[in-house]
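The model shown is predicted, which means the values in this text are computed figures rather than measured ones. By convention in this document, chain letters (A, B, ...) are assigned in the order of the sequence lines, proteins followed by strands, and residues within each chain are numbered from 1. Only this structure's heavy atoms are used, side chains among them; waters, hydrogens and symmetry mates stay out.
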Protein chains: 2
Amino acid sequence: MNQLVEIKELLKTRKLKATDLRVEVLAIILGFGKAIPYQEIQNSLQNFDRITLYRTLNILIERGILHKISMENNQSFYAMCTLECSTMGHQHQHVHFKCEQCNEVSCVETKEPIQLAIAYHLITDFEVMATGLCGACRL
Amino acid sequence: MNQLVEIKELLKTRKLKATDLRVEVLAIILGFGKAIPYQEIQNSLQNFDRITLYRTLNILIERGILHKISMENNQSFYAMCTLECSTMGHQHQHVHFKCEQCNEVSCVETKEPIQLAIAYHLITDFEVMATGLCGACRL
DNA sequence: TCTCAAACGCAACGATGTTGCATTTATTTA
DNA sequence: TAAATAAATGCAACATCGTTGCGTTTGAGA
Ligand SMILES: [Mn+2]
Ligand SMILES: [Mn+2]
Ligand SMILES: [Zn+2]
Ligand SMILES: [Zn+2]
């Protein structure tokens with residue numbers, strides 16, 4: 001089963017029409033592998049409507065297909081969700097890592113689950129953005 | 001020693017002129033207590049130039065007086081730095097917490113230092129954004 | 001008070017977010 | 001396969017914020 005069919009099936013399970021832009025965007029993101037900058041998505045599309053792309057990304061996030069990563073400089077990255085995410089919500093355990101050398105952003109697992117406690121506060125969720133050197137750049 | 005004098009002294013230690021806007025902005029942020037949304041800064045100023053405010057916030061960050069917090073929706077918050085921060089750089093150990101009830105964002109200390117390790121990666125820095133209920137809203 | 005680097009204020013441009021609405025289309029159903 | 005329709009698109013329109021250049025103003029030390 002090729003990627004195109006897989007993408008269309010994924011959209012169907014989330015009750016979304018398989019429109020051209022949605023399929024294209026998902027193919028681009030899947031092909032990119034790591035987290036993709038918003039700009040990179042735009043650059044990879046030939047003809048597209050900015051507003052439609054905006055709504056496309058939003059609904060893909062809403063349905064648990066993508067998640068968005070906001071960087072410190074307010075740049076946005078997008079990445080595929082894992083199987084645990086669905087229309088009901090997102091369930092991410094991983095952290096986001098930005099390599100200072102190659103500037104790639106990726107979703108990575110930690111060696112140990114992160115323990116986080118704050119006095120008097122009830123923590124329901126948290127996300128971690130780490131920076132440093134990725135495996136390739138560290139060599 | 002009143003706040004105004006303190007602000008001017010702080011600016012002096014960082015080799016910055018004590019201009020009206022800088023003093024006003026710092027007074028606003030100090031008065032707000034918790035992390036302040038960018039909009040709130042604008043709303044608290046009567047007459048101001050947008051570009052000057054932009055450069056003001058940037059240089060206050062650059063000199064280790066403020067730090068910026070980028071929220072998931074790309075909204076920016078600003079908060080005072082701690083004493084460890086200087087012109088040489090920022091040294092933050094704390095995490096950022098957003099209360100889902102009152103929507104306040106604040107800098108808080110964790111009960112235990114956070115341990116973070118990722119296979120094959122070298123982590124030089126990381127930041128944590130937690131959500132949940134703050135002490136006041138939890139009661 | 002004088003001096004001048006620093007900071008300001010404005011123009012100008014660009015990127016992205018967001019909503020409304022008329023038109024088009026993907027998918028279901030007859 | 002054609003019809004029906006909810007969903008999605010495309011465009012206008014508006015807003016916020018980021019960013020740079022440049023001539024003018026000003027804070028702070030001499
Ligand atoms: Mn991720
Ligand atoms: Mn902080
Ligand atoms: Zn790298
Ligand atoms: Zn609260």
In whole Å, I'd like the distance from the [atom1] atom of [X] to the [atom2] atom of [N].
| X | N | atom1 | atom2 | answer |
| --- | --- | --- | --- | --- |
| E24(A) | dA8(D) | CD | C1' | 15 Å |
| Y38(A) | dG17(C) | OH | C1' | 9 Å |
| K15(A) | dA7(D) | NZ | P | 12 Å |
| Q39(A) | dG14(C) | CD | P | 13 Å |
| L57(A) | dA8(D) | CG | C1' | 15 Å |
| R63(A) | dA8(D) | CZ | C1' | 12 Å |
| I41(A) | dG17(C) | CD1 | C1' | 15 Å |
| D49(A) | dA7(D) | CG | P | 20 Å |

Taking salt bridge (Lys or Arg N to Asp or Glu O under 4.0 Å) as the cut-off, I'd like each qualifying pair that reaches into residues 120-139 of chain A, sequence neighbours left out, listed once.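 Listed by first then second residue: nothing to list.
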Can you tell which of dG10(D), dA7(C), dG18(D) lies closest to the side chain of R22(B)?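 Side chain of R22(B) sits closest to dA7(C).
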Below 4.0 angstrom from OP1 or OP2 of dG17(C), is there any side-chain N or O of K68(A)?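 Yes, K68(A) has a side-chain N/O under 4.0 Å of OP1/OP2 on dG17(C).
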Taking only the side-chain nitrogens and oxygens of Q42(B), find out if one of them lies under 4.0 Å from OP1 or OP2 of dT16(D).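 Looking at the OP1 and OP2 atoms of dT16(D), neither is under 4.0 Å from any side-chain N or O of Q42(B).
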Distance-only side-chain donor-acceptor flag, S70(A) / N73(B), under 3.5 Å: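 Absent: no donor and acceptor within the cut-off.
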For the backbone of [Y] and the side chain of [X], can you confirm whether one donor and one acceptor N or O come within less than 3.5 Å of each other?
| X | Y | result |
| --- | --- | --- |
| R63(B) | T87(B) | no |
| T124(B) | T131(A) | yes |
| S106(B) | V108(B) | no |

Check the orientation of H90(A) and H67(A). Use parallel for under 30°, tilted for 30 to 60°, and perpendicular for over 60°.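 Perpendicular.
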Under 4.0 Å, counting only non-hydrogen atoms across every strand here, what does Q75(B) touch: a base, just sugar-phosphate, or nothing?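 The answer is nothing, as Q75(B) stays clear of every strand by at least 4.0 Å.
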Less than 3.5 Å between a donor and an acceptor, one on the side chain of R50(B) and one on the base of dG18(D), is that the case here?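 A donor-acceptor contact between them is present.
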Would you kindly compare F48(B) and N73(B) by the position of their nearest DNA chain C nucleotide and give the one closer to the 5′ end?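 Its nucleotide being nearer the 5' end, the pick is F48(B).
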Under a 4.0 Å heavy-atom criterion, the protein footprint on nucleotides 19-30 of chain C, written with B, S and -, is BB----BBSS--
What residues form a side-chain contact (heavy atoms from CB on, under 4.5 Å) with S44(A), not counting sequence neighbours?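 Testing S44(A) for side-chain contact (heavy atoms from CB on, under 4.5 Å), a comparison that skips the adjacent residues, returns I28(A), E40(A).
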